[in-house]
Amino acid sequence: MEDTAVVPTDSSKRPDGPRVERIDSVVIRFAGDSGDGMQLTGDRFTAETASLGNDLATLPNFPAEIRAPQGTLPGVSSFQLHFADHDVLTPGDAPDVLVAMNPAALKANLADLPRGKTIIVNTDEFTKRNLAKVGFTASPVEDGSLESWQVHPVPLTSLTVEALKEFGLSRKDAERSKNMFALGLLCWLYNRPTEGTERFLNTKFGRRPEILAANLAAFKAGWAFGETTEGFAVSYEIAPAPAPAGVYRNVTGNTALAYGLVAAGHRSGLPIVLGSYPITPASDILHALSGMKKFGVTTIQAEDEISAIGAALGASYGGAIGVTTTSGPGLALKSETIGLAVSLELPLVIVDVQRGGPSTGLPTKTEQSDLLQAMYGRNGESPVPVIAPRSPADCFDAAIEAVRVATKYRTPVLLLSDGYLANGSEPWQLPSVSDLPDLHTQFAQPGTGPFRPYDRDPETLARPWAPPGVAGLEHRIGGIEKADGTGEISYDPDNHDKMVRLRQAKVDGIDVPPLEVDDPTGDADVLVIGWGSTFGPIAAGAREARRSQTKVATAHLRHLNPFPANTGEVLKRYRRVLIPEMNLGQLALLLRAKYLVDARGYNQVRGLPFSSAEIATAITSLATEIREGF
């Protein structure tokens with residue numbers, strides 16, 4: 001496993017009594033009903049952790065139902081956070097601490113908690129009715145079934161109600177603050193600051209002073225409970241992680257991607273126009289960009305997926321950077337207009353935040369199963385560049401790269417994020433704007449002769465970008481095949497063959513950085529190659545395998561169409577190639593077909609990211625095969 005265990009490194013004693021133990025990392029999972037505020041609790045704990053300089057990674061896990069029956073297994077919502085004094089690559093294979101707000105949360109998450117780890121359980125919710133909802137005949141807190149774990153029974157609900165009795169709230173209203181009590185307790189337990197949460201609550205509830213006062217009181221009561229109860233004899237400290245000097249903020253993948261699009265608009269000097277139809281888990285990009293009008297961003301919430309991409313493509317025709325965002329089935333609906341953008345040869349960025357499929361599938365769970373659709377999911381020969389970020393913060397750079405490719409080569413570009421990246425978060429060092437690439441591009445200018453809209457740049461094969469309304473640049477557009485150079489409608493067979501090959505050559509010729517390989521010993525037999533959000537689990541799994549003296553190299557693809565020019569040479573350098581994917585082997589199919597290498601897929605489609613332990617086991621198994629002559 002990756003370094004996630006709570007390993008004491010030093011200890012001291014607070015002046016007021018409880019012992020403080022220094023540890024190097026911890027994984028905490030908050031779990032409760034979808035109405036218990038677990039995502040808010042996790043977000044606030046994450047923000048306080050980031051402010052202390054710990055490296056971190058998070059994994060929010062939402063129920064798919066809009067509102068499942070209260071206290072049932074389908075309604076369980078959780079938030080996992082891994083933070084440490086060193087480089088963190090994943091949200092952790094398994095929690096060290098589980099905060100279970102009700103029986104459903106305990107039952108849904110107990111199997112993930114290793115024996116000996118800690119459970120903080122809200123005993124007030126372990127009523128006969130709530131136990132029966134999830135199939136418990138007796139309370140596991142009392143029947144001895146949890147004796148293999150360190151259990152801290154805490155009546156969170158009643159303690160919260162007692163702390164808020166002076167505010168005159170109904171019991172139901174007071175109970176809503178129990179997540180703040182739990183947050184205060186965990187902030188005390190792990191020595192997190194409180195000022196940031198207090199500022200957040202003042203901002204969120206400043207116009208409702210009675211709600212603000214109640215939440216602040218519950219938060220402080222949770223801290224005080226940890227400080228005074230005998231149930232927690234130890235609190236923990238985790239030192240900041242080493243990091244380059246700079247300004248940092250915690251960022252989710254969707255937010256980073258939105259910021260990357262805004263930065264790309266600034267560096268290109270062009271407005272960003274987003275045409276989007278809300279869909280989980282891509283909607284937060286629309287939410288983020290809708291508040292950025294002052295940065296030259298226009299957002300259009302369209303009536304459906306088809307009109308959304310139509311608006312974006314129209315904006316590109318008009319001289320803006322057209323962007324559309326979607327997920328899963330929405331990409332299928334956009335396929336005809338993507339094909340139109342291929343034919344028109346206009347810049348367009350299509351963001352697909354992948355989720356479990358097919359059809360509606362698992363709308364709140366992650367998957368990597370749209371790669372083949374991104375590559376080939378259109379009629380005719382319609383090549384589209386494909387780019388995939390590898391981490392939440394990397395979504396910023398991937399968005400800029402997508403705009404660069406789209407504008408330089410006059411082509412639609414598919415940006416493949418996924419639910420894990422979109423909702424997960426990590427510290428992000430804010431870049432200097434001057435260090436970002438210059439994305440300025442030239443529009444067509446009237447010449448002395450007739451405008452030829454399909455003449456091409458000899459280096460990039462891009463055609464001129466000619467917004468409408470400019471005298472001398474009048475030309476015909478549409479989905480019917482164009483004549484080379486003139487852009488007139490053409491049914492000539494040889495011209496069609498030529499145009500198909502030109503569009504393919506343009507994509508094949510995109511300047512892509514070479515594939516980098518991490519091979520510390522230089523003589524590994526096993527190469528693990530991945531794409532997208534498998535980066536963290538692969539890197540952590542390789543780190544663990546190397547600790548057991550297994551020689552392994554890793555490589556990660558950002559550009560999936562075209563592949564880096566040295567991809568074939570890298571693959572053929574190793575005796576075994578392993579490709580972990582959250583699908584049934586889509587990248588493996590592409591690499592085997594193109595480079596004729598015996599790449600082996602390692603595949604799961606569970607709606608969850610890989611654990612580092614799973615990757616490490618797969619690596620050592622391949623290495624063993626080689627040693628034993630298989």
Side-chain angles (χ1 to χ4, degrees), residues 1 4-6 18 26-38 41-42 61 63 65 68-80 92-163 171-172 174-179 181-186 188-190 221-222 225-226 228-236 608 611:
M1 287 178 60
T4 59
V6 180
V26 69
V27 179
I28 300 173
R29 183 181 298 177
F30 298 93
D33 193 74
S34 56
D36 284 340
M38 293 296 94
T41 305
N61 196 351
E65 287 75 10
Q70 190 170 7
T72 62
L73 291 172
V76 173
S77 175
S78 67
F79 188 104
Q80 184 163 304
D93 286 359
D96 299 305
V97 179
L98 171 64
V99 180
M101 301 296 282
N102 62 16
L106 178 65
K107 186 166 188 176
N109 292 280
L110 187 60
D112 296 336
L113 190 70
R115 306 277 173 166
K117 300 301 183 181
T118 298
I119 303 173
I120 299 173
V121 61
N122 180 14
T123 53
D124 285 330
E125 299 301 316
F126 279 65
T127 62
K128 184 178 292 186
R129 183 166 180 249
N130 285 345
L131 291 167
K133 286 181 182 179
V134 294
F136 284 133
T137 56
S139 172
V141 181
E142 300 171 353
D143 67 4
S145 57
L146 300 179
E147 62 183 11
S148 297
W149 291 272
Q150 301 178 43
V151 180
H152 295 274
V154 181
L156 288 170
T157 304
S158 57
L159 286 171
T160 303
V161 171
E162 176 66 21
R171 182 177 178 87
K172 183 178 180 181
E175 287 178 0
R176 289 175 179 165
S177 297
K178 62 181 180 286
N179 64 323
F181 189 101
L183 177 60
L185 172 58
L186 268 293
W188 175 85
L189 189 59
Y190 288 96
F225 177 79
T228 57
T229 184
E230 295 181 359
F232 295 94
V234 179
S235 67
Y236 302 94
L608 294 170
S611 71

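Side chains of Thr160 and Glu175 form no contact here, defined as non-hydrogen atoms less than 4.5 Å apart. Counting only heavy atoms from C-beta outward, the side chains of Ile119 and Val141 never approach each other to under 4.5 Å.
Between Gln70 and Lys133, the closest heavy-atom pair is O-NZ, 2.8 Å. The shortest non-hydrogen separation linking Leu113 to Pro95 is CD1-O, 3.2 Å. When every heavy atom of Ala138 is checked against every heavy atom of Leu131, the shortest pair comes out as C-CD1, 4.1 Å. Smallest separation of non-hydrogen atoms from Leu106 and Leu146: CD2-CD1, 4.1 Å. The two residues Lys107 and Phe136 make their nearest non-hydrogen contact at CB-CZ, 3.9 Å. Between Ala105 and Met101 the shortest heavy-atom distance is CB-N, 4.0 Å.
Partners of Thr127 under the side-chain contact (heavy atoms from CB on, under 4.5 Å) rule, at least two apart in sequence or in another chain, are Arg129, Asn130.
Residue pairs meeting the side chain to side chain donor-acceptor pair (under 3.5 Å) criterion with at least one partner in residues 147-156, sequence neighbours excluded, are Arg115-Ser148.
Put simply, CZ on Phe225 and CG on Leu156 are 7.5 Å apart, with the number rounded to the nearest 0.5 Å. One distance of note links CG of Leu186 with OG1 of Thr41; it measures 9.0 Å at 0.5 Å rounding. Here Asp124 contributes atom CG and Leu159 contributes atom CG; the two are 7.0 Å apart, rounded to the nearest 0.5 Å. With rounding to the nearest 0.5 angstrom, the CG atom of Asn61 is 13.5 Å from the CE atom of Met38. The structure places CZ of Phe30 at 11.0 Å from OG of Ser78, a figure rounded to the nearest 0.5 Å.
Judged purely by distance below 3.5 Å, without hydrogens or angles, the side chains of Asp36 and Ser77 never pair a donor atom with an acceptor atom.
For Asp112 and Arg29, the salt-bridge test passes: some basic side-chain N is under 4.0 Å from an acidic carboxylate O.
Between Trp188 and Phe232, the ring planes lie perpendicular to each other; the angle is over 60°, past the 30° to 60° tilted range.
Although no hydrogens or angles enter the test, the distance criterion places a donor-acceptor pair under 3.5 Å between the side chain of Asp96 and the main chain of Val27.
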